[in-house]
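Reading through the structure tokens given below for one structure.
Residue numbers start at 1 and run along the sequence shown.
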Amino acid sequence: MDPDLPSILIADVVRSLAGRDAGKLFYVIATDGTWLTLVNGKDRTLETPKRKKQKQSQKSAFHRYLLSFVIGDKGGFAALLNLNFILTT
């Protein structure tokens with residue numbers, strides 16, 4: 001893990017900084033220090049998560065506890081998509 005990067009933990013919300021998905025928000029479902037496993041509920045679901053290097057993601061200001069209860073229900077990913085739409089428009 002790079003000591004210069006902020007620690008990104010499971011259940012954090014991150015913004016992609018590089019690639020086709022730059023600017024989009026993702027929910028972290030796994031991490032091994034260097035790589036993150038990300039979902040957003042639309043094109044990257046739990047069945048097809050996105051692997052991205054931590055240095056290509058920025059930790060969002062949203063706290064883990066704000067979304068942790070929402071993701072448990074069926075509308076949780078829809079809420080994340082709505083949030084992504086609001087922040088990118």
Side-chain angles (χ1 to χ4, degrees):
M1 180 187 290
D2 188 347
D4 296 331
L5 294 174
S7 62
I8 296 177
L9 305 172
I10 294 173
D12 280 339
V13 176
V14 297
R15 181 182 304 276
S16 174
L17 298 176
R20 294 182 306 181
D21 55 7
K24 292 184 181 179
L25 292 176
F26 290 91
Y27 190 74
V28 179
I29 60 169
T31 180
D32 67 5
T34 303
W35 290 90
L36 304 173
T37 304
L38 308 171
V39 296
N40 66 3
K42 185 176 180 182
D43 50 344
R44 293 298 181 172
T45 62
L46 290 173
E47 291 79 25
T48 59
K50 169 83 173 167
R51 283 199 58 191
K52 196 167 199 68
K53 285 191 175 183
Q54 183 175 346
K55 68 180 184 179
Q56 296 175 337
S57 301
Q58 178 183 37
K59 191 171 183 178
S60 178
F62 298 103
H63 298 288
R64 292 183 299 149
Y65 64 85
L66 290 177
L67 289 177
S68 61
F69 73 96
V70 175
I71 297 300
D73 69 76
K74 282 188 168 183
F77 286 124
L80 184 58
L81 288 174
N82 289 336
L83 183 63
N84 193 20
F85 174 76
I86 291 167
L87 295 176
T88 57
T89 56

- Item | Atom pair NZ (Lys50) and OG1 (Thr45), whose distance is rounded to the nearest 0.5 Å | 13.5 Å
- Return the minimal non-hydrogen interatomic distance between Leu36 and Leu38, and the atom names on each side. CB-CD2, 3.8 Å
- Task: Any chance you could measure Gln54, atom CD, to Lys59, atom NZ, to the nearest 0.5 Å?
- Result: 9.0 Å
- Hydrophobic cluster membership, Leu9 vs Leu17, 4.5 Å side-chain cutoff: no
- Query: Which heavy atom in Ser57 sits nearest to a heavy atom in Ile8, and how many Å separate them?
  - Reply: O-CD1, 4.3 Å
- Partner residues of Ser16 under the side chain to side chain contact (heavy atoms under 4.5 Å, CB included) criterion, sequence neighbours left out: Asp21, Phe26, Lys52
- Task: Verify the cluster assignment for Val28 and Trp35: are they in a single hydrophobic cluster under the rule of side-chain heavy atoms below 4.5 Å apart?
- Result: no
- Knowing that exactly one of Asp12, Val39, Val14 qualifies, which makes a side-chain contact (heavy atoms from CB on, under 4.5 Å) with Tyr27? Val39
- Item | OG1-CZ distance between Thr34 and Arg51, expressed to the nearest 0.5 angstrom | 9.5 Å
- Message: Can a donor-acceptor pair be found, under 3.5 Å and without considering hydrogens, that links the side chain of Arg15 to the backbone of Leu25?
- Response: no
- Query: Are any of the side-chain heavy atoms of Thr31 and Ile10 separated by less than 4.5 Å?
  - Reply: yes
- Check against side chain to side chain contact (heavy atoms under 4.5 Å, CB included), Lys24 and Asp43: CA-CA 11 Å; Lys24 292 184 181 179; Asp43 50 344; 3.9 Å; yes
